[in-house]
Amino acid sequence: MLNKLTNLTKTNNKESKKDIQLDLSRIPRHIAIIMDGNGRWAKKRGLPRVAGHREGMKVVRKVVKRANELGVKALTMYAFSTENWKRPKPEVEFIMKLPEQFLLTYLPELIEENVQVRIMGEKKGVPSYTLKAVHEAVERTKHNDGLILNFALNYGSRYEITQAVRQLASEIEEGKIKSEEVDEKLIGSYMMSSEVGDPELLIRTSGEIRLSNFMLWQLAYTELWFTDVYWPDFTASDLDQAILDYQNRGRRFGGV
Ligand code: V0D
């Protein structure tokens, strides 16, 4: 039986054009993305690092649009890690204003496209103006039922696991749960991403081949895809390529 196929045109360096075929019946439901290389992108152009973060925000918008067209159900984007506080204060302050910018510019489009904004991470330490913007995005899209756009903000995976263990331990102490009842499913339900489930595909841009404390529990069975492209240069066709590679891996190793 043939699955539905889509023809996409991929353009490389404005010269070579290559058709890529995506199987629309096998699109990953949940894609997680480590949006790395914004600062390096800016430096390469002689711009301040924050210019890269601003450009990176525009790419979030483009990727959401493409993912939505392809029928992806959830995107988890690593926006700010618990380690990112070590950066220079002005850079952190700039980044913390991006959610507000993002809303002002893109919220109407996101609502029109039926996107639901969600957040995962530790609220403590995040400026109130950032939380206000994020809260507004979540509130104003909570009645939508399309693509879930889940931002990991002040997120660290070991911290998340620690919280889950602490919560579980206290419920065991209180006698609400028996230790024998603790299994993988139960542990998973204590993770911040429990609503969106595990990603089938992880994308990391900018050439680093590591997970950097991102979704360690959830990535157990995930296909990992790395590219040298800096996040501000990432395009819809890079997303298509990542999904195509994911589908080809499935064909090699999956059941017949
Ligand atoms: C900077 C590249 C959108 C990565 C993308 C506060 C680093 C741009 C948001 C955003 C960031 C978050 C929540 C929300 C609406 C928008 C965002 C941060 C960084 C950290 F409800 N882009 N973006 N948040 N960058």
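First listed ligand is number 1; within each ligand, the first listed atom is number 1.
Remark: ligand 1 atoms within the under-4.0 Å shell around heavy atoms of His53 are 8 (C). Proximity to Ile95 (heavy-atom distance under 4.0 Å) selects the following atoms of ligand 1: 6 (C), 19 (C), 20 (C). Short contacts between ligand 1 and Leu98, defined as distances under 4.0 Å to a heavy atom of the residue, involve ligand atoms 1 (C), 8 (C), 11 (C), 25 (N). Under a 4.0 Å criterion applied to the non-hydrogen atoms of Phe80, ligand 1 contributes the atoms 20 (C). Listed by number with element, the atoms of ligand 1 under 4.0 angstrom from any heavy atom of Ala137 are 21 (F). Taking every non-hydrogen atom of Val60 and a distance limit under 4.0 Å, the qualifying atoms of ligand 1 come out as 5 (C). Those atoms of ligand 1 that come under 4.0 Å of a heavy atom in Phe102, given as number and element, are 3 (C), 15 (C), 16 (C).
No salt bridge links Lys178 with Glu180; every basic N to acidic carboxylate O contact stays at or beyond 4.0 Å. Under the 4.0 Å criterion applied to side-chain N and carboxylate O atoms, Glu208 and Arg210 are assigned as salt-bridge partners.
For atom 22 (N) of ligand 1, the closest heavy atom belonging to the protein is Met57 CG, 3.9 Å. The protein atom (non-hydrogen) at minimum distance from atom 2 (C) of ligand 1 is Asn38 ND2, 3.6 Å. Regarding atom 13 (C) of ligand 1, its nearest protein heavy-atom neighbour is Phe151 CD1, 3.4 Å.
At a heavy-atom cutoff of 4.0 Å, ligand 1 is contacted by the side chain of Val117 but not by its backbone. Of all the heavy atoms of Ala79, the ones lying under 4.0 Å from any atom of ligand 1 are found in both the backbone and the side chain.
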Could you pull out all donor-acceptor pairs under 3.5 Å where a side-chain atom in residues 27-35 meets a protein atom, sequence neighbours excluded?
residue, atom, partner, partner atom, Å
Arg29, NH2, Glu200, OE2, 2.9
His30, ND1, Gly197, O, 3.0
His30, NE2, Thr76, OG1, 2.7

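Annotation: side-chain contact (heavy atoms from CB on, under 4.5 Å) contacts of Asp233 (sequence neighbours excluded): Trp41, Lys44, Arg45, Val229, Tyr230.
A heavy-atom distance below 4.5 Å is found between the side chains of Leu202 and Phe214.
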